[in-house]
Participant: 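Can you read through this structure? Questions will come right after.
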Amino acid sequence: MLRQKAFMKKTKSGKVLKVVKEHYLRDDIWCSVETCKVCEHTEPVLSAVPSINKAFRLPHYIIPDTNIFINQIDVMEHPLITNVIVLQTVLEEVKHLSLPIYQRVRDMIANKEKRFYVFSNEHHRGTFIEKLKDESPNDRNDRAIRVATKWYANHIKDLNPRVSVVMMTDDAGNRDKATADGLQAISVKWYIEALDNTEILDMMSSAKDLDDGQKTIYDEHLSSAHISNGIKSGKYLQGKLGISSHNYLEGSIYTKINGEEGTILIVGRSNLNRAVDGDIIAVELLPKSEWRTTPTGVVVDEEEEQAEEESLKAEQEAAAATAAKEDTIMAEPEAEKATAAVEAHKLDTPQPCGKVVGIIRRNWRQYCGFIDRKSVHTPAGSSAPVNVLFYAMESKIPKIKIRTRQAHSLLGKRIIVAIDSWPRTSRYPIGHFIRALGEAGDKSTETEVLLLEHDVPFHEFSKQVLSFLPVEGENWVVQPEHFAGREDFRSLNVCSIDPPGCTDIDDALHVVPLANGNYQVGVHIADVTHFVKPGNVMDQEAASRGTTVYLVDKRIDMLPSLLGTNLCSLRSNVERLAFSCIWELNKDAEIVNVRFTKSVIASKASLTYEEAQNRIDDASMQDDVTSGIRILNMLAKKLKQRRLDMGALTLASPEVRFSLERDTQDPVDVEMKELKETNALVEEFMLLANISVARKIYEKFPDSAMLRCHPQPPSANFEKLEKAVARFGIEIDHSTSKTLSDSLDSAVLPEEPYFNKLLRIMTTRCMMQALYFCSGAQIEQEFRHYGLATDIYTHFTSPIRRYSDVMVHRQLHAAIDSSLSYGDELTDKEKMNDLCGNLNHRNRMAQQAARSSVELFTHLFFKNKTEEEEGYVIRILKNAFIVLVPKYGIEGIVYASAKVSKADSGESATAQPQPILVYNPETDCLQSTETLAEGETPKTQVQLFQKVMVQISIDDDLKGGGEGGMRQKLKMELLKPWIEGISVHGIANKDDPEAHAVTSTKKRDEAPVPAQDKKRAGKRTKA
Ligand SMILES: [Zn+2]
């Protein structure tokens, strides 16, 4: 049957068109219930006997309305919710309202165990309804849901009279209408409570329950119409809120103020007015009299916080009225906040300050964290629902109030929580529990936390993604037809040089001396784009992942391992497809010419850096591969020298590698990474290839080439460093990378051999991030790569583990083969820009995740250990300083205030830590507080580059309540120099054999096993 709906529509040009929408009603839409004999479905989704619960003791299917999915998606995802009929009406509304939630509903529908069935009620003859006159679209849809529910109820009545359908809606009016129609209807709360499962109860979005609505704390947010008018008129400014990592009550936006770019500070709870880090907000400037010269540091409104905790406690005590004895844990003031390290700023002119008047777009996500033990006051074992406070691992996020029945069993665990709302009457945002990840401090739990917190997609590749792999699987081999359009390089002496244990080999090299005295040098890169075709699901997944992520003990791949570690990996003695860059270089390693070609290679050797180095050094080895490596090494040295002459920087990072115990993967040793000459050999040719390719693709795609730049750092970044080295008589000239490089080379202190490396580490931190960009989006002067001192650069050499390289391969292929057809993915500036944005984000997150992983293993390594080590002051904060311990590559904060122990401060526990050293912005030093005469130096001071002795241990307070809460922290305490009130007496060197037993980590009986190599993390990625 065909129904027609005609209406008139006016076009932009004023023409009136008659639009006819056709709507087919069908008879072949089935109920999908297993036992149904009337319908002709072949793979029924709904089980014959669905689940029951206390409210409905008979088996039933659930038909939720749209708002159930929108508001309670976490509940719907719980494994207890199965056999759900998703009406087409509902699915379309969900799609319209929220794409992310729509995607989650689609995922549930795809999950066979959930038994979610989509019923096309809008096309079913028995359930389609027309909108009535005067009926709103909402009312029409509610009615459509009731009609479909009624149809199902009648349809299945004959199958098994015991099985029924239940409509689920939180709209009381709709429920009443349903009941009047003789249907069963229920609210989500009623239904979930009848399931008797504490976990799913906690997952209910409970904003209404938790908003006690007593006292208004915050100003109202303006309406969106009000905001957009205000922004147009210039009354309000908009920007993305960034919260300080040292103080969650201090944030800023970067925006245009009177036509000039600048920062607006937003300080304090009421000015922040419920905005959360990452939200897009509308801000009103405060009058100049309220501007501040420096960020305040810590804003303490402890009294209010304590009041909040007291009220939580009172609530909980009431909730646990059945308890025999009341728990007497007192709410403690937040030691953490009182001692929060504040970065020392010196700003002479008052900074514009503002106040949040409205939220343009929320950036709420799911947060990993833990329940604040101090907020739980019910007796152990109590499962009464209580309101507790949740701390996100991300310190920029405010505490979140959640309601839970599992408070005690969740203590000490990492959990995930979502924010539901932040009403004006609630000090904290209100959220709900989603799931528990596991015990805090546990390696696998903490690894999952760091992946989630850094937005690293780590799910297994879906069947759909895997379906785009070659059907031959591991048996895939190069076939005669693959030679079409490729050069046959199988006879060349190609070899690869990588870290030990490397399984994803994406580059290999060869060299051939030419008759004219020059050399033919080839860099061969895995031909990933032969296997990954633009736009298919595997390509989309790789584009979204952006990069492979290297953690200490595992790798999260960008591409399925069949490609990454097998078919694309350029292993020795197998034929592989490659994309080759072939140069003719003269004896001085200058490029005579360059060309690019797809090829087939057969590598003769996969070497480690060490093996390659040994071959170079062993004069008795004269085979072709070894001779080739020697020539490459000679050329690489010349390339490197020329780069350095041009001003390329040699920077440093305090990178370490862990030796892991084979079975448990626990760290047993840690050492600084050591670089061999052969590391540099490979790196030089990769840089050369990347530069050559960059020129080629920019020539072909001037508006849309994917390139990589490294902006020059602003002078301000070097201010403190310059001041600090001046006292050693050293000058840093950073006007160009060449002058900077020369300054670094000459900055040597004979009495302190580590000084130069330390300076390079600190210089690295003055640098900007290198970024991918689309050539059409920047002017040519901005293409420059400052660190590498080249005018153009891209990433071509690692397509297995970087998506940028995949795009560059496609662009290069199009550049060398004019007959190749390609889509707008290579030419569309907008699309390329968006992709660069995602890749830059993923890249940054991958680096941070790798760093967090090192941090986690450092914590595991120092567990139950206390070590004394030499360190250097690398940063001065307002009330603390940061020490780098080169041996372990770790950094820790040493506070410049006296510790107030509980015993000293007595019951009140409100004493503030007393500053022992204060910050002097003139000298960027922390100094003792005595009054100084003109020209006198303070008795004690702490300054950059100062060598200190520290004691390292782990603040192992995983149960919460201590300074770090459950954010496990490395504890660094000052041993030398001795500063009364700050320094501690070391315990490691006491004459206690047991103390020695736990500290002697390096003299174990068992030899350390080889480190799991964090392949190339940081090796070439820095380029
Ligand atoms: Zn049926």
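Note that these values count all heavy atoms, side chains included, but never hydrogens, waters or copies made by symmetry. As the structure lists them, so they are numbered: ligands from 1, and atoms in each ligand from 1.
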Participant: Indicate whether any N or O donor in one side chain lies under 3.5 Å from an N or O acceptor in the other, for N141 and T89.
Facilitator: no
Participant: Return each pair, listed once, that meets ring pair (Phe, Tyr, Trp, His ring centres under 6.0 Å) where at least one residue sits in residues 64-96; pairs must be two or more places apart or across chains.
Facilitator: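 Every pair satisfying ring pair (Phe, Tyr, Trp, His ring centres under 6.0 Å) with a residue in residues 64-96: there are none.
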Participant: Do Y803 and N838 pair up side chain to side chain, a donor and an acceptor below 3.5 Å, judged on atom types alone?
Facilitator: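 Y803 vs N838: no donor-acceptor pair found between side chains.
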Participant: Tell me every residue that passes ring-ring contact (aromatic ring centres under 6.0 Å, His included) with H155, counting only those two or more places apart in sequence or in another chain.
Facilitator: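 If we apply the ring-ring contact (aromatic ring centres under 6.0 Å, His included) test to H155, skipping adjacent residues, the hits are W151.
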Participant: State the count of protein N/O/S atoms located less than 2.8 Å away from the Zn ion (ligand 1).
Facilitator: 4
Participant: Measuring centre to centre across the rings, with the benzene-like ring taken for any Trp, is H124 within less than 6.0 Å of F119?
Facilitator: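 Yes; F119 has its ring centre under 6.0 Å from that of H124.
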Participant: Excluding sequence neighbours, so at least two apart, what forms salt bridge (charged side-chain N to carboxylate O under 4.0 Å, His left out) with D277?
Facilitator: none
